[in-house]
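A note on names: the letters A, B, ... follow the listed sequences, proteins ahead of strands, and every chain is numbered from 1.
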2 protein chains.
Amino acid sequence: MTTPAPNHSQPLEAVAVSMTPLQRFDEYLQSKGLRNTEQRKFLIEQVFNRHEHFDADQLIDQLPAKGQANYVSRPTVYRTLREFVDAGLLNRFELDGRSVYEHDYGYPEHDHLYCTKCRKLIEFTSEEILQLRETVAKRHRFRVRDHRFIIHGVCDECTKLRNRDRKQDRV
Amino acid sequence: MTTPAPNHSQPLEAVAVSMTPLQRFDEYLQSKGLRNTEQRKFLIEQVFNRHEHFDADQLIDQLPAKGQANYVSRPTVYRTLREFVDAGLLNRFELDGRSVYEHDYGYPEHDHLYCTKCRKLIEFTSEEILQLRETVAKRHRFRVRDHRFIIHGVCDECTKLRNRDRKQDRV
DNA sequence: ATCGTTGCAAACGTTTTGCATAAGG
DNA sequence: CCTTATGCAAAACGTTTGCAACGAT
């Protein structure tokens, strides 16, 4: 399994919101006639506990194992992640052929730099990108829902590491 | 299987190149000490025959079936697509959890609008996106290799279709 | 003659499904 | 009580791999 590094060097500031993720999820469930179960409450807690990019496997690894308290089965994790996305709590995008999730609710819109060496995702915001998006969409009479912009390359730390290794090779 | 529509409404103009894809692939193979087989020659022909976005399954569907002349097995198709990408003939990107390919060699850099209704990919070029990419990368001391920018939404045709359906509903 | 390539079958990793049981409202 | 949610097992999906036979140079 490939696992992207869950950190990001420059955390963006949270946007002020009136409800906690749990409250907002409750509202979503009620509006849909769905139920808030122990598993869902527990997963909300686990997911919004810390701000990180993660995939389903990384989340499952951090959950209690089978037999332990608060165990949640793999299918339920997948089903619940989908609910979180539908509820607007999480953002999903594809990276290296699997789904990666990040906080959406109460978090500013942003895009990513992706280091192909250490698999770190670095967030950045850009106002121009939204303008550009609108310009292009208008030109094609296209109704924009959202976008994905990801810049692939090598981050500063990995570049430095590589340079250091090269120097050592020469000695 | 999900299959994106293979057309794109406004084809970009080909860039002038000195070699055909086959010639360029031959050069690549020789530089790597690899061999050009019947299967590879046939796949080059099939892939560069028409300009479309396609995934592995769509390509395989268009190839002769098992038992017929020029049959190429599924693993070989996958292995060859990878070679084409390595050789710079094709571009690969992820869409809805699978790999999509498009011509790279002799074709200008561009990004995509993706209609989530009809799954059509529409190409567009933007000079600002490269500038923006550089600005962001410099700010994070990031070494850019490339980027993916895809705008999700609904294309003009699908919007018109929907409006027409709504009108009919009212009658 | 060598060594890369092919087709087959089987595996892979991720995600989804059918179904019987459990539990929220 | 009614319906949604869960866990289990198994399937689905796109893709990759090991290997023996084949074929290009």
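- B:Arg148 has no carboxylate O lying under 4.0 Å from a charged side-chain N of A:Asp111, or vice versa, which leaves the two without a salt bridge.
- In this model, the phosphate group of D:dC8 is not approached by any side-chain N or O of A:Ser73 to a distance below 4.0 Å at OP1 or OP2.
- Side-chain nitrogen and oxygen atoms of A:Gln39 include none within less than 4.0 Å of the OP1 or OP2 phosphate oxygen of C:dA23.
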Quiz item: Passes side-chain hydrogen bond (donor to acceptor under 3.5 Å, both in side chains), B:His53 versus B:Gln58? Steps please.
Solution: CA-CA 9 Å; B:His53 299 95; B:Gln58 289 175 312; over 6 Å; no
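- C:dT6 atom P lies 14 Å from atom CZ of B:Phe42, rounded to whole Å.
- Rounded to an integer number of Å, the gap from B:Asp96 CG to C:dT16 P is 12 Å.
- Between B:Glu94 atom CD and C:dT15 atom C1' there is a gap of 15 Å when expressed in whole angstrom units.
- Under the side chain to side chain contact (heavy atoms under 4.5 Å, CB included) rule, B:Gln39 has a single partner from B:Ile44, B:Val72, B:Val77, B:Thr80, which is B:Val72.
- Distances shown here put every side-chain N or O of A:Ser99 at or beyond 4.0 Å from the OP1 or OP2 atom of C:dT14.
- Note on ring orientation: taking the six-membered ring where Trp is involved, the planes of B:Phe93 and B:His112 are parallel (angle under 30°, cut-offs 30° and 60°).
- With respect to the salt-bridge test (charged N to carboxylate O, under 4.0 angstrom), the residues A:Lys41 and A:Glu38 qualify.
- On a pure distance criterion of 3.5 Å, a polar donor-acceptor pair joins the side chain of B:Arg79 and the base of C:dG7.
- Going from atom CD of B:Glu38 over to atom P of D:dC22 covers 17 Å, rounded to whole Å.
- B:Arg82 has no carboxylate O lying under 4.0 Å from a charged side-chain N of B:Asp86, or vice versa, which leaves the two without a salt bridge.
- Within residues 80-93 of chain B, no residue has any heavy atom closer than 4.0 Å to DNA chain C.
- In this structure, CG of B:Asn36 is placed 16 Å from C1' of C:dC3, rounded to the nearest angstrom.
- Nucleotide C:dG24 holds its P atom 15 Å from the CD atom of A:Gln30, rounded to whole Å.
- A:Thr37 has no side-chain polar atom (N or O) that falls below the 4.0 Å cut-off from OP1 or OP2 of D:dA5.
- Defined by atom type and a distance below 3.5 Å, a donor-acceptor pair is missing between the side-chain atoms of A:Asn36 and A:Tyr28.
- Listed nucleotides D:dT15, C:dT15, D:dC8 differ in distance to A:Ala56; the shortest reach to its side chain belongs to C:dT15.
- Taking for each of A:Arg40 and A:Pro75 the nucleotide of DNA chain D with the nearest heavy atom, the 5'-most of the two is the partner of A:Arg40.
- Nucleic acid contact class of B:Lys66 (heavy atoms, under 4.0 Å, all strands): sugar-phosphate only.
- A:His147 and A:Arg133 are linked by a side-chain donor-acceptor pair at a separation below 3.5 angstrom, with hydrogens and angles left out of the test.
- Comparing D:dT3, D:dA24, C:dG25 by their nearest atom to the side chain of A:Arg35 picks out D:dT3.
- For the pair A:Leu59 CG and C:dT15 C1', the computed distance is 14 Å after rounding to whole Å.
- Of the two residues near DNA chain D, A:Leu34 and B:Arg74, the one whose nearest nucleotide lies more 5' is A:Leu34.
- Side chain of A:Tyr78, nearest nucleotide from C:dG24, C:dC8, C:dT14: C:dT14.
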Exercise. Apply the test ring pair (Phe, Tyr, Trp, His ring centres under 6.0 Å) to residues A:Tyr107 and A:His110: give CA-CA distance (whole Å), side-chain angles for both, the deciding distance (0.1 Å), then the verdict.
Key: CA-CA 9 Å; A:Tyr107 206 72; A:His110 60 271; 5.5 Å; yes
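- Taking only side-chain nitrogens and oxygens, A:Arg98 never comes nearer than 4.0 Å to OP1 or OP2 of C:dG13.
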Quiz prompt | B:Asn91 vs B:Val85, side chain to side chain contact (heavy atoms under 4.5 Å, CB included): CA-CA, chis, key distance, verdict | solution = CA-CA 6 Å; B:Asn91 233 331; B:Val85 172; over 6 Å; no
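- Taken over five-pair windows at either terminus, the axes of the helix from C:dA1-D:dT25 to C:dG25-D:dC1 are inclined to one another by 30° (rounded to 10 degrees).
- One can place CZ of B:Phe25 at 15 Å from P of C:dG4, the figure rounded to the nearest angstrom.
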